[in-house]
Amino acid sequence: MNPLLLGLAVLFFILFIRLYSRDSNRKLLPPGPTGVPILGNLPQVVGVSQLWHLFDKWKYEYGSLTFLNLAGKDVMVLNSKAAATELLERRSAIYSDRPRSIVANHIGAQMAIPFAGYGKSWQNMRRAAHEVLNARVSTQYQPVQIEEAIILAHGLLYDESSTLLEKINGSASTVISVVYGKRSLSSEKKEEVLDPDEDLHLPESDPLQSLCNIGHRFTSSLYPGAYLVEVLPILDYVPAKLVRWKRNATQDFHRISETFHKFYEDAVQNDQQRNSLCATLADTKLANGLTHAEKAWVTGSISVAALETTSTTLSFFIYAMIQHPHVQQQAQMELDRVVGRTRSPNFTDMAYLPYMRAIVKEVLRWQPAIPLVVPRMAMEDDWYEGHFIPKGTALILNLWSMNRDRDVYGPDVDQFRPERFLQESEKGSDSSYMIRPEYENEDGHCSFGFGRRGCVGKYVADNALFIDMATILWALRIEPAPSKPKIPTKRGPTKDLVNPIPDFECNFLPRFAEAETILQSLQDDVMQGRSSEV
Ligand code: HEM
C-alpha cells in the first residue's frame, strides 16, 4: 500500500476515534436545563438581569454544576465551593485562563489583569500586582487606610455637597493613593452632558467615576448574552463603520488607554517620594518584562478592580446597618469596651474586635460585590465527579450560591447575621464573643474568588473594609431617613456582573459628643499633613 495513503488512513482513524470518544463523553456532561434547537439555553438567559438568582434556582435542580449550551458555546456554572476549590485551586494549571470575549477584547481585555487571557503578559502583570499587594506589603498601607477612614466618617457627617455614593467612592480611593501616590485624581467638578450614543462615559471632572465606568464597560460586556457577536463570531468581520458596538468598542479602547496613560504619567512625574505603585513600576526591576503600555494598564486596571468592589461592599454595609440596628448597637458596645471614647480605632484593635470582624465577613458573604465572576476557561478536557468538562468550556463562578450554601451556613442564609461566624468565648475572657476557630484564618465566604486568578487585592480590601466600618460605627449612628427622597445609589448598567445596590437614604449622627471633636481634630491633622507634603 502507498505509504502516503496508509499515513492518511491512520490519521483519519485516530481523528475518528477522538471525535467518537469525545462525542460519547459529551453524553456525560453535567446536567442542565433543556434548551431549544440551535440556540440551546440562550433564550433562557438573554435579557435576564441579576442572572445569579436564576442560577441559584437551577442549583437546587441540577446540583453543584449546571451545564448550559449558549448557541453552541459550552458554559458551565459552578455553584459549590467544593467544586470550585477542586477545579480552580487543585487543578489551577488548566483553569486559570479566561474565555476570549470578542467585545471585551476590542475594548482592551488582553491588557487588563482581571480580564486578560492566561499567558506571559498576564503573568508579568500579576507578578507586579502581587509584589505590591501581598499580605506582608499590604500592612504598609494601614496608616493611609486609617486616614481615609477618618476622611470618610467626617464626610458622612458633614459633607453636604456630595452624594452618599461619591463619599463612599472617595473612601475606596485608598487604593488611588497606593497606586497613584495621591488621594485624589479629580479636578474641578462640573456638570457634563451624557451622550446617549456613548457606551462609556468618562467625565473628565470625576476621574473616580471614570474608573468605575471603565470597570462597568468590561463587566457588562462580559455578561452572558450581552452581545450577539459572542454567539455569532462571524459578525466580527462586519466593518466597524457599519456596526455601532464595534465602533464604540474600538473607540473606547483608545479612550481607556489614554485615561490610564494620563494617570500613570502624571503619577510618575509628580510622585516626589517615589512610593506609589506607578513610581515603583517606573523605576525598579519589579517591572522587568512590562512594556510602558502594560505599566499604564496594570495600574489602571488595579484601580478599576479595587474601586467598584470596595465601594459596593461599603454601600451594602451601610444598608445592612440601617436594616439591622441591633447589629449596629452590638458592634458599638464592643467598640466602646475595646477602643473607648477617647480615640478612634486602629489596626491593633482588630484582634480584640471579633464582632466587627464578623460584620466584615458577613457583608462580603451576604452581598458579594461580583456575584458572577469573570468566567474561566477549561484549557483541557477534564472530568469532575463522573461529569465531562470539554476543553474550551467557559466556567461561570456563581459566588452568590456558594455564599448561600445551606449546608455550610444553615437555613438562614438570606439573613444578614454576623453571629454565624462567632461563638461564645471561653470563661474569663473580656469579650463574650470570639471568631469561630474554623473562620479565624479563613475568609468564611467566596467573594474574593479562587486560585491563581483569585483577588490579588484581598488583603488591602479586608483591611480597608475593617477600618472603614469600625471608624464609622465608632463615631456615628446610622439611621434610616424615611422622609428623605431615595437617591439612586448606583448608575451602572442593569445587566452587569456587579451586584447593584438598592436605592436608599440615611442619616449619620455623631454617636457621642466627643466623637465630633475627635473626628474634627483627626481630620484637621490628616489635611494638614497632606497639604504640608505638597
Ligand atoms: C471588597 C473588595 C473586593 C472584592 C469583593 C474583590 C473581588 C474580586 C474577585 C471575585 C475577583 C476575581 C477572582 C477570580 O476570578 O477568581 C477579583 C480579581 C481581582 N481583584 Fe479584587 N476584589 C476586591 C478588592 C480589590 C482590591 C482592593 C484590589 C487592588 C488593590 C483588587 C484587585 C484585583 C485584581 C487585580 C484582580 C484580577 C486578578 C487576576 O485576574 O489575576 N481587588 N477581585
Side-chain angles (χ1 to χ4, degrees), residues 52 78 81 84-85 87-89 92 95-99 109-119 121-135 137-138 140-141 144-145 148 168 171-180 211 215 218-219 222 276-277 297-317 360-361 363-377 394-400 402-403 443 445-466 468-469 497-499:
W52 45 95
L78 234 72
K81 184 179 177 192
T85 310
L87 299 180
L88 308 179
E89 295 193 343
S92 62
Y95 286 104
S96 296
D97 204 355
R98 307 265 195 220
Q110 290 310 320
M111 304 280 291
I113 314 179
F115 313 109
Y118 189 71
S121 170
W122 169 78
Q123 278 168 340
N124 287 339
M125 293 194 281
R126 172 86 191 195
R127 202 171 302 128
H130 175 76
E131 290 284 336
V132 291
L133 298 172
N134 63 52
V137 178
S138 60
Q140 286 175 15
Y141 310 129
V144 183
Q145 289 178 317
E148 290 293 342
I168 291 174
S171 86
S173 71
T174 317
V175 73
I176 298 299
S177 314
V178 172
V179 173
Y180 292 110
L211 287 169
F218 279 108
T219 49
L222 289 161
S276 69
L277 172 56
W297 274 79
V298 165
T299 46
S301 58
I302 287 180
S303 317
V304 164
L307 269 177
E308 189 68 20
T309 47
T310 313
S311 71
T312 294
T313 310
L314 276 176
S315 306
F316 272 114
F317 157 71
V360 177
K361 286 179 189 292
V363 178
L364 283 160
R365 180 203 70 82
W366 178 59
Q367 295 292 344
I370 320 178
L372 298 181
V373 174
V374 179
R376 306 289 182 86
M377 189 177 71
L395 270 70
I396 298 180
L397 280 66
N398 180 6
L399 302 186
W400 181 269
M402 295 181 201
N403 282 352
D443 292 334
H445 56 80
C446 302
S447 299
F448 290 127
F450 293 87
R452 292 184 200 183
R453 299 304 293 253
C455 179
V456 70
K458 67 179 256 185
Y459 303 104
V460 172
D462 256 338
N463 286 342
L465 294 174
F466 166 77
D468 285 345
M469 295 180 189
L497 302 176
V498 179
N499 200 351

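As the structure lists them, so they are numbered: ligands from 1, and atoms in each ligand from 1.
Residue Ala305 holds the heavy atom nearest to atom 32 (C) of ligand 1 of all those in Ala116, Ser301, Ala305. For atom 18 (C) of ligand 1, the choice among Ser96, Cys455, Gly457 with the nearest heavy atom turns out to be Cys455. Taking all heavy atoms of His130, Arg126, Glu89, Arg376 into account, the minimum distance to atom 38 (C) of ligand 1 is reached by Arg126.
Residue-ligand proximity: Trp122 is placed with a non-hydrogen atom under 4.0 Å from ligand 1. Using a 4.0 angstrom heavy-atom cutoff, Lys458 does not count as in contact with ligand 1. At least one heavy atom of Arg98 sits closer than 4.0 Å to an atom of ligand 1. Within the structure, ligand 1 has Gly454 among the residues with a heavy atom less than 4.0 angstrom away.
Looking at Pro114 and Ser301, their side chains come closer than 4.5 Å, going by heavy atoms from C-beta outward. Between Val179 and Val132 the shortest side-chain heavy-atom distance does not fall below 4.5 Å. For the pair Leu87/Leu78, a side-chain contact is recorded, criterion being any heavy-atom separation below 4.5 Å from C-beta on.
Note on Lys458 versus Asp443: salt bridge recorded, some NZ/NE/NH1/NH2 to OD/OE distance being below 4.0 Å.
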(request) Could you give me the CA-CA distance, side-chain angles and deciding distance for Arg376 and Arg98, then say whether side-chain contact (heavy atoms from CB on, under 4.5 Å) is met? (result) CA-CA 4 Å; Arg376 306 289 182 86; Arg98 307 265 195 220; 3.2 Å; yes
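Atom 24 (C) of ligand 1 has its closest protein heavy atom at Thr309 OG1, 3.4 Å. Of all protein heavy atoms, the one lying nearest to atom 35 (C) of ligand 1 is Val456 CG1, 3.4 Å. Shortest contact from atom 1 (C) of ligand 1 to any protein heavy atom: Thr313 OG1, 3.3 Å. In terms of protein heavy-atom proximity, atom 13 (C) of ligand 1 is closest to Arg453 O, 3.1 Å. Considering only non-hydrogen protein atoms, atom 37 (C) of ligand 1 sits nearest to Pro114 CA, 3.5 Å. The nearest heavy-atom contact from the protein to atom 30 (C) of ligand 1 is Val175 CG2, 3.5 Å.
Listed by number with element, the atoms of ligand 1 under 4.0 angstrom from any heavy atom of Ala306 are 25 (C), 26 (C), 27 (C), 28 (C), 29 (C), 30 (C). Using a 4.0 Å cut-off to heavy atoms of Leu133, the atoms of ligand 1 that qualify are 29 (C), 30 (C). Atom numbering of ligand 1 starts at 1 in the shown order; those under 4.0 Å from a heavy atom of Ile302 are 29 (C), 30 (C).
The structure places OG of Ser121 at 8.0 Å from CD of Gln110, a figure rounded to the nearest 0.5 Å. The OG atom of Ser447 sits 11.5 Å away from atom CG of Leu397, with the distance rounded to the nearest 0.5 Å. Considering OG1 of Thr312 and CZ of Phe317, their distance stands at 15.0 Å, rounded to 0.5 Å. Rounding to the nearest 0.5 angstrom, the gap separating the CG atom in Leu307 from the OG1 atom in Thr309 is 7.5 Å.
The aromatic rings of Phe218 and Phe115 sit parallel, their planes meeting at an angle under 30°, below the 60° perpendicular limit.
With a 4.0 Å cut-off on non-hydrogen atoms, Val373 touches ligand 1 through its side chain and not its backbone. Contacts of Ile113 with ligand 1, taken as heavy-atom pairs under 4.0 Å, involve both backbone and side chain.
For Arg452, no nitrogen or oxygen atom sits less than 3.5 Å from a nitrogen or oxygen atom of ligand 1, counting backbone and side chain alike. Considering backbone and side-chain N/O atoms, Ser447 never comes within less than 3.5 Å of an N/O atom of ligand 1. Of the N or O atoms in Phe450, one or more lie within a sub-3.5 Å distance of an N or O in ligand 1.
Side-chain polar atoms of Tyr118 and Arg453 form no donor-acceptor pair below 3.5 angstrom.
With hydrogens and angles disregarded, a donor-acceptor distance shorter than 3.5 Å links the side chain of Asn403 to the backbone of Cys446.
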